[in-house]
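Remarks on the structure that follows.
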Amino acid sequence: MEKLVFRAEFEIYERLDDLPVDIQELYTHAREARDRAYAPFSDFTVGAAVLLGDGQIVSGNNQENASFPVGLCAERTTIHQAASRYSDPLIKTLVVVGGARSKDNPEPVAPCGVCRQAIAQYELRQNCAIPIYFKGGEGPIYKASSVADLLPFTFDDSYL
Ligand code: THU
């Protein structure tokens with residue numbers, strides 16, 4: 001029997017002020033987008049924003065539905081929107097902020113499994129890693145340098 005061990009490194013920033021200014025600006029967009037989230041069923045609101053290669057910023061939020069699985073997470077709303085508005089955009093960075101509307105949550109909100117898979121497809125398309133910053137409503141910001149660190153054994157086109 002052999003063992004395979006995954007190792008991943010995450011940067012942790014205590015405050016938004018500790019982040020580079022372009023990431024702080026992305027977070028301003030993500031927080032504004034979070035305020036426009038439609039989450040009447042979970043009351044859990046999430047905002048996301050991406051910085052594109054040409055400097056444009058696209059933001060989005062979670063959109064829920066009475067038929068629960070129909071709803072979409074903030075991350076996919078955002079990255080799919082960017083790719084629909086601009087052909088083959090280079091996604092340089094993704095930031096995420098979220099939590100329950102009713103209480104403070106210091107724990108960072110990482111993209112869900114489905115969103116990780118979606119982000120992985122964009123990394124493949126652009127052949128370039130997408131750094132992901134994620135935070136709760138309060139508390140520290142975590143940075144992963146690629147979705148690969150959040151999704152080992154990613155399923156991709158090479159299996160098809
Ligand atoms: N949600 C996101 O938008 N992103 C995540 O990374 C986690 C979950 C949304 C989906 C749903 O509308 C609500 O949060 C509760 O799961």
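Values in this document were obtained by computation on a predicted structure and should not be read as measured data.
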Report yes if the side chains of [X] and [Y] come closer than 4.5 Å at any heavy-atom pair, otherwise no.
X	Y	result
Lys135	Val97	yes
Val96	Val46	yes
Tyr159	Thr154	no
Ser59	Glu32	no
Ser102	Asp43	yes
Leu4	Glu2	no
Tyr13	Ile23	no
Ser145	Glu9	no

>> Assess the residue pair Thr78 and His29 against the criterion (side-chain contact (heavy atoms from CB on, under 4.5 Å)); give the C-alpha distance rounded to whole Å, side-chain angles, the decisive distance to 0.1 Å, and a yes or no.
In response: CA-CA 11 Å; Thr78 303; His29 286 261; over 6 Å; no

> To the nearest 0.5 Å, how far apart are CG in Leu90 and CD1 in Ile130?
Replying inline: 8.0 Å

>> Rounded at 0.5 Å granularity, tell me how far CZ in Arg76 sits from CG in Asn62.
In response: 10.5 Å

Would you say [Y] ends up clustered with [X] if hydrophobic residues are merged whenever their side chains have heavy atoms under 4.5 Å apart, either directly or through other cluster members?
X	Y	result
Val58	Leu72	no
Ile57	Ile119	no
Phe134	Val50	yes
Leu26	Ile91	no

>> Checking Ser158 against Asp156 for the side chain to side chain donor-acceptor pair (under 3.5 Å) test, could you report, in this order, the C-alpha distance in whole Å, the side-chain angles of both residues, the deciding distance, and whether it holds?
In response: CA-CA 5 Å; Ser158 66; Asp156 64 28; 2.4 Å; yes

>> Using side-chain contact (heavy atoms from CB on, under 4.5 Å), reason through Ile132 and Phe10 one step at a time and then give a plain yes or no.
In response: CA-CA 10 Å; Ile132 304 168; Phe10 300 87; over 6 Å; no

> Run the side-chain contact (heavy atoms from CB on, under 4.5 Å) check on Gln126 and Asp88 step by step: do they pass?
Replying inline: CA-CA 8 Å; Gln126 64 185 38; Asp88 280 328; over 6 Å; no

> What orientation do Tyr122 and His80 show, parallel under 30°, tilted 30 to 60°, or perpendicular over 60°?
Replying inline: tilted

> How are the rings of Tyr27 and Tyr133 set to each other: parallel, tilted or perpendicular (split at 30° and 60°)?
Replying inline: perpendicular

>> Checking side-chain polar atoms at under 3.5 Å, does Gln63 have a donor or acceptor matched by the opposite partner on Thr77?
In response: no

>> Evaluate Asn61 against Thr45 for side-chain contact (heavy atoms from CB on, under 4.5 Å), listing each step before the verdict.
In response: CA-CA 7 Å; Asn61 47 40; Thr45 56; over 6 Å; no

